[in-house]
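Heads up, the thing below is written out as structure tokens.
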2 protein chains.
Amino acid sequence: MRQSPTIADVARVVGVSKSTVSFVLNNRPGVAADTRARVLAAAAELGFRPSHRARALSYSRAFALGLVMARPAELLGADPFFPAFIAGVETELAKVGHALVLRVVTGGWDEEADGYRQLAGDGRVDGVFLSDLRVGDDPRLELLQELRLPAVTLQTPDTSPAFPAVNLDERTGIRAAVEHLAALGHRRIAHVAGPQEFVHGHRRRAAWADALRDLGLPPGPEAAGDFTAAGGAAATRRLFEESEPPSAIVYANDLMAIAGATVAHERGLSIPDDLSVTGFDDTELARHVHPPLTTVRMDALAMGRAAARTLLQLVENGSAESAELPPTELVLRRSTAPPAPGGLPRPRASQADDEPRSTS
Amino acid sequence: MRQSPTIADVARVVGVSKSTVSFVLNNRPGVAADTRARVLAAAAELGFRPSHRARALSYSRAFALGLVMARPAELLGADPFFPAFIAGVETELAKVGHALVLRVVTGGWDEEADGYRQLAGDGRVDGVFLSDLRVGDDPRLELLQELRLPAVTLQTPDTSPAFPAVNLDERTGIRAAVEHLAALGHRRIAHVAGPQEFVHGHRRRAAWADALRDLGLPPGPEAAGDFTAAGGAAATRRLFEESEPPSAIVYANDLMAIAGATVAHERGLSIPDDLSVTGFDDTELARHVHPPLTTVRMDALAMGRAAARTLLQLVENGSAESAELPPTELVLRRSTAPPAPGGLPRPRASQADDEPRSTS
DNA sequence: GTGAAAGCGCTAACAC
DNA sequence: GTGTTAGCGCTTTCAC
């Protein structure tokens, strides 16, 4: 028990050869039932555990999948996505004995590219998850093909998809938010956007813009954010400097929405009476800020699970279908109300809104 | 370039043996300068990258370190600690070509123990980081010794330390918070604690209690939280039900503080006029809530870096010194002020704000 | 200085 | 059915 027992130890104890043991352990046919039983018994007896390292060398596989998180360090702690996503990924990987290896790069593209190059070159992983897809030609797509590293993208890129994707319909939830605000009487509905170079930032903005258009509302004012609280606060301040400030703001994530609401408070505005706001993500905190945040729920855990399953399949089979997740839904809380001039007495009687209510 | 070139390819090109190439690549002495140069040139030319898998098998080392995150899945996204900690760890590991492998366990102790067992048994990692240390005998300590898996703990356990630790002085920051509140005139300073079975939860509470005692103030009321927003809100409500509610609350983390402030708002209390609150962590959001949160800053990134360096050293040398991080500091913002002259106003008619916890 | 060969623990042809 | 043998790609002892 000082050294972990090997396949050879098991073979010696049973009195068979290594290959027989290997066959049994891998459930291969062609082993006498009796022998099989004795091998299994001996393996259990010795506490045999196959060496992952030896298997990896033999199979030329890492039995591990990789995730490169490229984020400025400040944002990492605030972003609710990765932890939940990772948890989802891991639950699937653990089932099949794969590991998740993580790289964090805080610098620019070069450092990020190096991250993938090392993961691939070292043979540390058999495939990677591609989050934060960039609009247009994401340079990582080409890089990964060059590296021959299988991947699954979060969201399908606009360009020809080289890899299977996990798709989350963000549009439906945002549209529901805009429709909800319009139904309350808002006509000047702004957007604080995420970075437009990212697919998710871009799509959320497009969903807002399209919803306004479809409702026959004028294009609302907008301000660029960066998904950070500081960026959301700054963007909100810019919106307030408009000649005609909005009566409602649709934020591209909860963090910016919460920071934006704070800016409003500090201007002496009351939410939702003077300004309605909506978020995106439905972070745990969303229901615990004042007022509780109306937001679009997205299931990062499910996304992680789906991504892991898809990537595992791709790695095993050489191909995999893209996965579709259920559409995002609007969660009504108390940060939205009719606009101030209308002055309707707020009919907010039933607010036990723990269940998402899709308005579509 | 179809197959990654091996040490044998390099040897053949140069016209030397594999072992010579190996010697050169590992900077071993005893190779003619000329030969060495030719080997290096050929390796560069071929784009040779040593196979991590083969090295791992030869050295019987994984060149990877592990982190098991044990958290209910729903809460993972809300916790600001892990992402920042991981970023810190990774910056150090990347430098020396090690990988970080992650396990997420959402179940109970059995699942967690299995996580460590698998990581060790598979030889996936050479050591692990132990976060969320439990007070008293943390069962993982014994488990890891049994598994012969090197570890570094975040905070030194109360019991005989079997592993080096990375120590963060949380006490100083909390004490500063209590002293700050006392200096403002508060005499009834409450605490919303983290789980007392965890070292960090326990120490933060102790720091608060000790500070009160040292200032000659009466022991304040307290309520148990669980580091989640929901738990912080519930604990805060319990404090308000005291016969003599506190005029200030020291929270064991920002998340609970923000949720607690929301509860206060909903009772019609104004922060900081009617109630002062302080947090712990200094998350990005802390400065972007209303009012900006006075809190204790802790540097999870630095903790990750220190932990990685310590664990690497332990794995290399077989022993390592514990590391001490700079003491936490109080960050003054606007959630603290002198107590209201008349004491705490009677809470407004309390609304039915016991939102059931979402389970998804 | 350099090469041959054994070994890390497993898989997989190919004989018997 | 089972054993023998040759890899997977690297390190390392030991001759030369």
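It should be emphasised that the depicted structure is a prediction, and the values quoted were computed from it without experimental measurement. The chains referred to below are lettered A, B, ... by the order of the sequence lines, with proteins before strands, and numbering in each begins at 1.
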Without placing hydrogens or testing angles, list every side-chain donor-acceptor pair under 3.5 Å for residues 318-326 of chain B, not counting sequence neighbours.
unit_1	atom_1	unit_2	atom_2	d
Ser322(B)	OG	Ala165(B)	N	2.9
Glu324(B)	OE2	Asn167(B)	ND2	3.2

- Item | Qualifying salt bridge (Lys or Arg N to Asp or Glu O under 4.0 Å) pairs, either residue in residues 22-34 of chain B, two or more places apart | Asp34(B)-Arg38(B)
- All pairs passing side chain to side chain donor-acceptor pair (under 3.5 Å) where residues 43-55 of chain B contributes a residue, at least two apart: Asp122(A)-Arg49(B), Arg124(A)-His52(B)
- Pairs touching residues 94-109 of chain B that satisfy side chain to side chain donor-acceptor pair (under 3.5 Å), sequence neighbours left out: Glu90(A)-Arg103(B), Glu92(B)-Lys95(B), Arg103(B)-Gln118(B)
Could you give the [atom1]-to-[atom2] distance, from [X] to [N], as a whole number of Å?
{"X": "Arg36(B)", "N": "dT2(C)", "atom1": "CZ", "atom2": "C1'", "value": "13 Å"}
{"X": "Leu57(A)", "N": "dG9(C)", "atom1": "CG", "atom2": "P", "value": "12 Å"}
{"X": "His52(A)", "N": "dT11(C)", "atom1": "NE2", "atom2": "P", "value": "12 Å"}
{"X": "Asp122(A)", "N": "dG9(D)", "atom1": "CG", "atom2": "P", "value": "15 Å"}
{"X": "Phe63(A)", "N": "dT11(C)", "atom1": "CZ", "atom2": "C1'", "value": "10 Å"}

- Task: Take the C1' atoms of the five end pairs on each side of the helix from dG1(C)-dC16(D) to dC16(C)-dG1(D), get both axes, and report the angle to 10 degrees.
- Result: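 The value is 50°.
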- side-chain contact (heavy atoms from CB on, under 4.5 Å) partner of Leu119(B), the single match among Val68(B), Asp126(B), Leu102(B), Leu147(B):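 Per the side-chain contact (heavy atoms from CB on, under 4.5 Å) rule, the option paired with Leu119(B) is Val68(B), out of Val68(B), Asp126(B), Leu102(B), Leu147(B).
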- Message: Within the 4.0 Å heavy-atom criterion, would you say Gly15(A) contacts the bases, only the backbone, or no part of the nucleic acid?
- Response: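 Result for Gly15(A) = sugar-phosphate.
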- Residues in ring-ring contact (aromatic ring centres under 6.0 Å, His included) with Phe129(B), at least two apart? Phe85(B)
- Counterpart residues, ring-ring contact (aromatic ring centres under 6.0 Å, His included), relative to Phe82(B) (two or more places apart):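 ring-ring contact (aromatic ring centres under 6.0 Å, His included) check on Phe82(B) returns nothing, list empty.
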- Task: Give the B/S/- string for nucleotides 10-16 of chain D, one per nucleotide from 5' to 3', where a protein heavy atom under 4.0 Å of the base yields B, of only the sugar-phosphate yields S, and otherwise -.
- Result: BBBB---
- Got a sec, which residues hit salt bridge (Lys or Arg N to Asp or Glu O under 4.0 Å) with Arg12(A), two or more places apart in sequence or on another chain? Asp9(A)
